There are 2 protein chains.
Amino acid sequence: MSAHTLTKNQSLVLDALTHAEAPLSAYTILDKLRDHGFRAPLQVYRALEKLQEFGLVHRLESLNAFVACACREDHDHTHHHHGVTAFAICEDCGQVTEFHDAGMEERLAVLVKNQHFKTEKTTIEIRGHCQNCI
Amino acid sequence: MSAHTLTKNQSLVLDALTHAEAPLSAYTILDKLRDHGFRAPLQVYRALEKLQEFGLVHRLESLNAFVACACREDHDHTHHHHGVTAFAICEDCGQVTEFHDAGMEERLAVLVKNQHFKTEKTTIEIRGHCQNCI
DNA sequence: TAACTGAATGTAATGTTATTACATCAATTG
DNA sequence: CAATTGATGTAATAACATTACATTCAGTTA
């Protein structure tokens with residue numbers, strides 16, 4: 001667990017995501033940050049890349065969008081290395097719930113081991129309707 | 001389990017995917033089918049949409065690419081309604097292994113139920129290295 | 001301090017993936 | 001036949017992401 005000093009651009013992007021109520025696309029982030037001097041997509045993508053490395057941001061593959069990692073109420077920029085992260089994505093309100101489950105993780109680990117597969121990254125995304133939108 | 005009569009375009013797209021060794025992007029499919037009269041992306045996307053409905057094709061969200069469903073050695077165009085499908089994707093050779101596991105499925109079902117979430121579609125994709133490429 | 005180094009940044013151009021809009025055609029059915 | 005429905009064709013555009021190259025900045029070292 002090492003703390004990171006974020007650059008200006010990284011901080012701006014992380015803030016945008018942290019204050020958002022739903023996942024943001026890279027281009028949406030870009031628009032939000034134009035007033036802060038952002039001009040080009042690459043500024044966003046570069047920041048996002050680092051933030052993902054640090055474990056502070058997740059990419060939602062099924063949405064082409066990004067969210068701030070949920071598990072850091074402390075708001076320091078600690079690099080926490082959690083295992084598999086799963087997401088429940090509400091298709092109505094856009095809300096995303098992040099969750100972790102050791103049992104599921106273990107189950108997946110066994111399955112890939114049986115195939116002699118070496119996991120680098122696992123994506124689990126559940127699309128549907130959240131409690132409020134049912 | 002109802003059999004589908006595929007249209008010409010749907011058959012062409014499915015064939016392209018079935019004979020491919022790795023996932024294909026929509027535009028790669030388009031290129032492969034130009035000789036068969038395909039001219040525009042929409043011809044591919046429309047066919048893919050139907051084939052996904054029929055359960056004959058899967059979209060890999062983390063690749064923006066498509067694969068033929070593995071579980072139909074019979075090669076009829078039967079609509080099989082399986083539960084959750086997971087994919088192991090080799091980042092070296094591109095090979096994709098499709099698998100199903102009731103235990104994992106059950107585990108996920110419990111987790112979302114605890115959140116009072118109603119699942120529409122579940123994406124599980126494991127990126128890594130396959131047996132041959134380790 | 002000056003020169004070097006590596007990381008971060010700025011900018012433009014381009015590549016890749018997906019959708020919208022609109023016209024046409026063919027089969028079915030009331 | 002008229003109306004409906006589903007599939008198709010085509011063009012244009014939108015949305016997402018990367019490459020290439022020049023520049024700046026902070027920290028280190030000669």
Side-chain angles (χ1 to χ4, degrees), chain A residues 2-17 20 22-54 56-67 77 79 89 91 94 121 123 125 127, chain B residues 2 4-14 16-17 20 22-54 56-67 77 79 89 91 94 121 123 125 127:
Chain A
S2 58
H4 291 284
T5 307
L6 300 184
T7 67
K8 182 156 171 282
N9 285 2
Q10 288 162 14
S11 294
L12 287 167
V13 169
L14 182 56
D15 278 359
L17 287 172
L24 301 180
S25 76
Y27 278 76
T28 302
I29 295 171
L30 175 57
D31 286 340
K32 282 183 183 291
L33 296 180
R34 285 200 190 277
D35 293 345
H36 295 271
F38 275 48
R39 315 295 308 271
L42 198 47
Q43 293 175 288
V44 178
Y45 283 110
R46 284 204 273 231
L48 285 172
E49 185 179 12
K50 286 296 179 187
L51 291 168
Q52 285 175 267
E53 276 178 27
F54 300 159
L56 299 174
V57 161
H58 300 288
R59 174 186 168 81
L60 299 176
E61 301 288 352
S62 68
L63 293 179
N64 294 334
F66 304 83
V67 288
H77 299 139
H79 181 135
I89 302 167
E91 297 187 336
K121 182 171 189 297
T123 297
E125 297 178 17
R127 306 282 294 265
Chain B
S2 58
H4 292 284
T5 307
L6 300 185
T7 67
K8 183 157 172 281
N9 285 1
Q10 288 161 14
S11 294
L12 287 168
V13 169
L14 182 55
L17 286 173
L24 301 180
S25 75
Y27 279 76
T28 303
I29 296 171
L30 174 56
D31 285 340
K32 282 183 183 291
L33 295 181
R34 286 201 190 277
D35 294 345
H36 296 270
F38 275 49
R39 315 295 308 273
L42 197 47
Q43 294 175 286
V44 178
Y45 282 110
R46 285 203 273 232
L48 285 171
E49 185 179 12
K50 288 296 178 187
L51 292 168
Q52 286 175 266
E53 276 178 26
F54 300 159
L56 300 173
V57 161
H58 300 289
R59 174 186 169 80
L60 300 176
E61 302 288 353
S62 69
L63 292 179
N64 294 334
F66 303 84
V67 288
H77 299 140
H79 182 135
I89 303 167
E91 297 189 336
K121 183 174 189 294
T123 297
E125 297 178 18
R127 305 283 294 266

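Chain A is the first sequence line, chain B the second, and so forth, proteins listed ahead of strands; every chain is numbered from 1. This is a predicted model, so every value here is computed, not measured.
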With side chains defined as the heavy atoms from C-beta onward, is the minimum distance between [X] and [Y] less than 4.5 Å?
| X | Y | result |
| --- | --- | --- |
| B/Gln10 | B/Leu56 | no |
| A/Phe38 | A/Asn9 | yes |
| A/Phe66 | A/Leu51 | no |
| A/Leu48 | A/Leu17 | yes |
| A/Arg127 | A/Leu63 | yes |
| B/Val13 | B/Val57 | no |
| A/Leu30 | A/Arg39 | no |

Counting just side-chain N and O atoms, does [X] come under 4.0 Å of either OP1 or OP2 of [N]?
| X | N | answer |
| --- | --- | --- |
| B/Asn64 | C/dA18 | yes |
| B/Arg59 | C/dA18 | yes |
| B/Thr7 | D/dT8 | yes |

Grab the [atom1]-[atom2] distance between [X] and [N] for me, whole Å please.
| X | N | atom1 | atom2 | result |
| --- | --- | --- | --- | --- |
| A/Ile29 | D/dC16 | CD1 | C1' | 12 Å |
| B/Gln10 | D/dG6 | CD | P | 13 Å |
| A/Asp31 | D/dA15 | CG | C1' | 12 Å |
| A/Leu63 | D/dA17 | CG | P | 11 Å |
| B/Asn9 | C/dC25 | CG | C1' | 13 Å |
| A/Leu12 | C/dT9 | CG | P | 10 Å |
| B/Leu30 | C/dA18 | CG | C1' | 12 Å |

Hey, what are the protein-to-nucleotides 24-28 of chain D N/O distances that come in under 3.5 Å?
none

Worksheet, complete the sentence: Within residues 34-52 of chain B, those residues having any heavy atom closer than 4.0 Å to DNA chain C are B/Leu42, B/Tyr45
Practice prompt. List the atom of B/His36, the atom of B/Lys8, and the distance in Å for their closest heavy-atom pair.
Written response: O-NZ, 4.1 Å
Fill in: Under-3.5 Å donor-acceptor pair between B/Tyr27 side chain and C/dA18 base
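Side chain to base: pair found, below 3.5 Å.
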Worksheet item: Is the shortest distance from a Lys or Arg side-chain nitrogen in A/Arg46 or A/Glu49 to a carboxylate oxygen in the other one below 4.0 Å?
Response: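 A/Glu49 and A/Arg46: not salt-bridged.
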